[in-house]
**Q** 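This is the structure, below, for whatever I ask next.
Just so you know, ligand 1 is whichever comes first in the structure, and atom 1 is the first atom listed for that ligand. Given the structure is predicted, the values throughout are model-derived calculations rather than measurements.
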Amino acid sequence: MAYSDLPLLDASLVDRDRAAFIAQLRTLLIEHGFLYLQNAPVPADLVKNMTDATAQFFALPSDIKEACDTNYTAHFNGYVRRGTIEKPTREQFNYGADNATPKEGSPEYHKLHGSTPWPDESVFPGGRVVMREYYKYLKDLSLNFTRYVAEALGLGAMGLEHLFEPEIEDRQLRCKLLRYPQGPPSTEGFYPHTDANFLTYLLQATPEPGLELQMPTGEWLPATAIPGTYIVFVGDVLEKITKGVVKAPLHRVLSPTTGTRHSVGFFQGVSMDTRIVDVKLDIPQEIIDLKRERQLRYGEDTAKEYPFVPNDYLTTGQSVLNMKLTAHPLVAYKFYPKLFPQFYPDGLPEKYARLVDSGPSKA
Ligand SMILES: O=C(O)CCC(=O)C(=O)O
Ligand SMILES: [Fe+2]
């Protein structure tokens, strides 16, 4: 894809010509399922500070990062070392809303909404403040963008609001800092996948290449880091509830062959209590027709019906928790004892057993 063909959307157009902005968004979502968002209302100096804070976090000594290990809390926030989840080479740090507390007496999966083990201010001065500020701006961006997407789908600006927690502080929003170290050519930094959530807003914080998207032809094309932009990805949930009007693009990350690559993902999910089978959207026929035009143009299967699969009958909270428990045996063992035997009928895998008593145990 040449630079001139990039699916680029100018966020500032919405204030000048909302109809034109929505029309462009509709085309990009339906045609590509991703876009580069330019001029998003996030201050440039905040993005710079966030980029610096990301590098500073990963440069902390291992023992400090490991004190924030995701295995020490029930909420899947915190530090994830290299090679722990399905062997990607990347390191990560995940954080969610401040003061997130699971509701009393609610289903186990509500524990997904909980606190973050932050590095202490004395070792990471100012870092947390910057990361919180970035979260606040991305949260607002995601709230507005959801309304634009609803309009682009012909549902009216508020046409998707019922999918989300009514209280903004309860929404399923996660920020993920990522570090991909240098590797030999073709080293997989993160395997090919579609994002499982609703929408993702990705900041490529360093110029090092690595992110690639699969085109309808099957070809992998690099998604160059363009300063001042976010890549917005449609996720599986949005694809499913629109029955393929918009599609979640397959993407992967190759490790850089020189330098280190940093990125910051902001992941927006629907309410933990939403079930895909219950979502009914009244997308106008003229928009469904655009899907058919795309399918014909790209040789997609026009008969694809999106039948419900077993996960679609679960709440999204339950299906996210199932995925996380599979990836994090120690967290399952320590914090989800009722669910643990279901996932690990033979007990805790040996390599985790010796870690059971390590680290602070703050639930
Ligand atoms: O780091 C990137 O550029 C992409 C990361 C990604 O696709 C993901 O974490 O889902
Ligand atoms: Fe992704």
**Q** Indicate whether any N or O donor in one side chain lies under 3.5 Å from an N or O acceptor in the other, for E239 and Y306.
**A**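 A donor-acceptor contact under 3.5 Å links the two side chains.
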**Q** Do the side-chain N and O atoms of N77 and N94 include a donor-acceptor pair separated by under 3.5 angstrom?
**A**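 No, N94 and N77 have no side-chain donor paired with an acceptor closer than 3.5 Å.
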**Q** We want to know whether T200 and N197 form a side-chain donor-acceptor pair, criterion being a heavy-atom distance below 3.5 angstrom.
**A**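 On atom types as modelled, these side chains qualify, holding a pair under 3.5 Å.
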**Q** With sequence neighbours left out, write down each residue that passes ring pair (Phe, Tyr, Trp, His ring centres under 6.0 Å) with H262, or none if nothing qualifies.
**A**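 H262: ring pair (Phe, Tyr, Trp, His ring centres under 6.0 Å) contacts with F58.
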**Q** For a distance under 2.8 Å, give residue and atom name for each protein N, O or S atom next to the Fe ion (ligand 2).
**A** H193 NE2, D195 OD1, H251 NE2
**Q** For ligand 1, give me the residues whose heavy-atom distance to it is below 4.0 Å, by chain and number please.
**A**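 For ligand 1, the residues that come within the 4.0 Å heavy-atom cutoff are R90, K176, L178, Y180, H193, D195, L202, L211, H251, V253, R261, S263, F267.
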**Q** Under the 6.0 Å and 45° cation-pi test, does R174 pair with F267?
**A** no
**Q** Does the ring centre of F93 sit less than 6.0 Å away from the ring centre of Y79?
**A**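 No; F93 has its ring centre 6.0 Å or more from that of Y79.
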**Q** Do Y336 and E108 have side-chain atoms, one donor and one acceptor, less than 3.5 Å apart?
**A** no
**Q** Regarding H193 and H251, is there a side-chain donor-to-acceptor distance under 3.5 Å anywhere?
**A** yes
**Q** Please tabulate, for side-chain N and O atoms in residues 213-226, each donor-acceptor pair with protein atoms closer than 3.5 Å (sequence neighbours left out).
**A**
residue : atom : partner : partner atom : Å
Q214    : NE2  : G218    : O            : 3.2
T217    : OG1  : E219    : N            : 3.3

